[in-house]
Amino acid sequence: MSEAIEKVECLIIGSGPAGYTAAIYAARADMKPVLYEGLQPGGQLTITTDVENYPGYPDGIMGPEMMENFKKQAVRLGTDVRFGMVTSVEFTPGGPQKVIVDGTKEISAQAVIISTGASAKWLGLPSEERLNGSGVSACAVCDGFFYRGTDVAIVGAGDTACEEASYLSKICNKVYMLVRRDEFRASKAMQHRVLTTPNIEVLYNTETDEILGEQAVEGVRVLNNKTNETREIPIKGFFVAIGHTPNTEIFKPYIDMDDQGYIITEKGTSKTNIEGVFCAGDAQDKIYRQAVTAAGSGCMAALDAERWLSEKAAD
Ligand code: NDP
């Protein structure tokens, strides 16, 4: 390691609603939190538009603006927010915990709060990887603008896919929704929105066989899994909205997780199996996954960390 080891009381990994809320509480409890933002500062809400279900905003708020507000509040109260990626950890029950940032900087933290969230899943086709950024995207709100006036396709049948199809329908000529079963997973309200939008065509029992195009997306070859027929649809944009994977890989050697990689916390708390390491937000929640529940669990993590540090100091 090239730099001296920095000692930190409370280290927060991740900058979504969970991380920033943990930071707000930790800063007010005088735990001098240091927060590393990670690869996507602000987290998933920075790639969404209107947030209408976060209490306290009667007219809604744009996701990126909301996250900017979270950050401002955390900084104003004394959080040291840093741009950087935690690349590895070495956890020991009771600590201190060793955390490496950007592969080089070593930090020794008394308490660690994991709030690394979750990332979009991909289909896993070579053509999807090859054309990523050249017509293939996992964020309609970020990239839809590039395909305005054209025909596009979106894979998925959950609330995210419906929300994104609806968004795309406003700027694109036509949206094909590729649904692998004969029904949606999304809530009835979201389904209704999609099914009543004239320029969204839902193709049921439809899987993506190949995304077509050399330099950029030119079409998609789809397979009807009932009839086994394939068909090519000309499109310019291909959007993937099939769910998320928790960003917990680096913690695997130390932290107990379920089979999908979600961190297991002690019931009703944010405590992981490693004493002194806490977890909040989507990294441990595959059920609710809302900004407000993430924020709530961030608060829990800071309170749990604060109590744990106080008890440790009293010993
Ligand atoms: P979900 O896990 O709910 O849905 C994923 C969808 O992708 C499913 O329809 C699934 O199909 C489909 N899928 C998965 N893998 C593939 C594949 N390889 N090929 C084709 N299709 C595939 O994820 P979401 O991101 O939609 O939602 C996550 C959570 O966030 C949910 O709880 C949702 O309710 C919530 N949410 C709420 C919103 C709101 O209330 N405004 C907005 C967005 C999300 P299948 O059904 O066949 O398994």
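Both counts, for ligands and for their atoms, begin at 1 and track the order of listing.
Annotation for I113 and A305: closest pair CD1-CB, 4.3 Å, computed over non-hydrogen atoms.
Among all non-hydrogen protein atoms, the one lying nearest atom 1 (P) of ligand 1 is R185 CD, 3.9 Å. Of all protein heavy atoms, the one closest to atom 32 (O) of ligand 1 is R289 NH2, 3.9 Å. Atom 40 (O) of ligand 1 has as its closest protein heavy atom D159 OD2, 4.5 Å. Distance from atom 7 (O) of ligand 1 to its nearest protein heavy atom, with residue and atom name: I242 CA, 3.2 Å. The protein atom (non-hydrogen) at minimum distance from atom 23 (O) of ligand 1 is G243 CA, 3.7 Å. Looking at atom 46 (O) of ligand 1, its nearest protein heavy atom turns out to be R181 NH2, 2.8 Å. For atom 20 (C) of ligand 1, the closest non-hydrogen atom on the protein side is V155 CG1, 3.5 Å. Nearest protein neighbour of atom 10 (C) of ligand 1, counting heavy atoms only, is R180 NH2, 4.0 Å.
Judged by the 6.0 Å distance and 45° axis criteria, R148 is positioned over the aromatic ring of F145.
Neither the backbone nor the side chain of V179 has a heavy atom within less than 4.0 Å of ligand 1. At a heavy-atom cutoff of 4.0 Å, ligand 1 is contacted by the side chain of L123 but not by its backbone.
Side-chain contact, D151 with N173: a donor N or O sits under 3.5 Å from an acceptor N or O. Between the side chains of N224 and T206, no donor-acceptor pair is found at a separation under 3.5 Å.
Checking side-chain atoms of T21 against main-chain N and O of A18 turns up no donor-acceptor pair under 3.5 Å. Remark: the backbone N or O of A4 is not paired with any side-chain donor or acceptor of E106 at under 3.5 angstrom.
Not a single N or O atom of Y288, backbone or side chain, sits closer than 3.5 Å to an N or O atom of ligand 1. Remark: ligand 1 and N53 share no N or O pair separated by less than 3.5 Å (distance only, no angle test).
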Mind listing the side-chain donor-acceptor pairs of residues 266-279 below 3.5 Å, one per line with the distance, residues two or more places apart or on another chain?
from	atom 1	to	atom 2	distance (Å)
T269	OG1	E266	O	2.9
T269	OG1	K271	N	3.0
S270	OG	D304	OD2	2.7
T272	OG1	I274	N	3.1
T272	OG1	I274	O	3.2
T272	OG1	V277	O	2.7
N273	OD1	D256	N	2.8
N273	ND2	Y254	O	3.0
E275	OE2	W308	NE1	3.0

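Residue T160 approaches ligand 1 through these ligand atoms, each under 4.0 Å from one of its heavy atoms: 24 (P), 25 (O), 26 (O), 27 (O), 43 (C), 44 (C). Ligand-side atoms of ligand 1 in range of G158: 4 (O), 6 (C), 9 (O), 26 (O), range being under 4.0 angstrom from any heavy atom. In the vicinity of E163, heavy-atom distances shorter than 4.0 Å reach the ligand 1 atoms 41 (N), 42 (C).
Selection from A161, A118, A157 by nearest heavy atom to atom 9 (O) of ligand 1 gives A157.
One finds a salt bridge joining D209 and R221 here, because a Lys/Arg side-chain nitrogen approaches an Asp/Glu carboxylate oxygen to under 4.0 Å. Between D30 and K32, at least one side-chain N (NZ, or NE/NH1/NH2) sits under 4.0 Å from a carboxylate O, which counts as a salt bridge.
Summarising the geometry, atom CG belonging to D102 is positioned 11.0 Å from atom CZ belonging to R82; distances are rounded to the nearest 0.5 Å.
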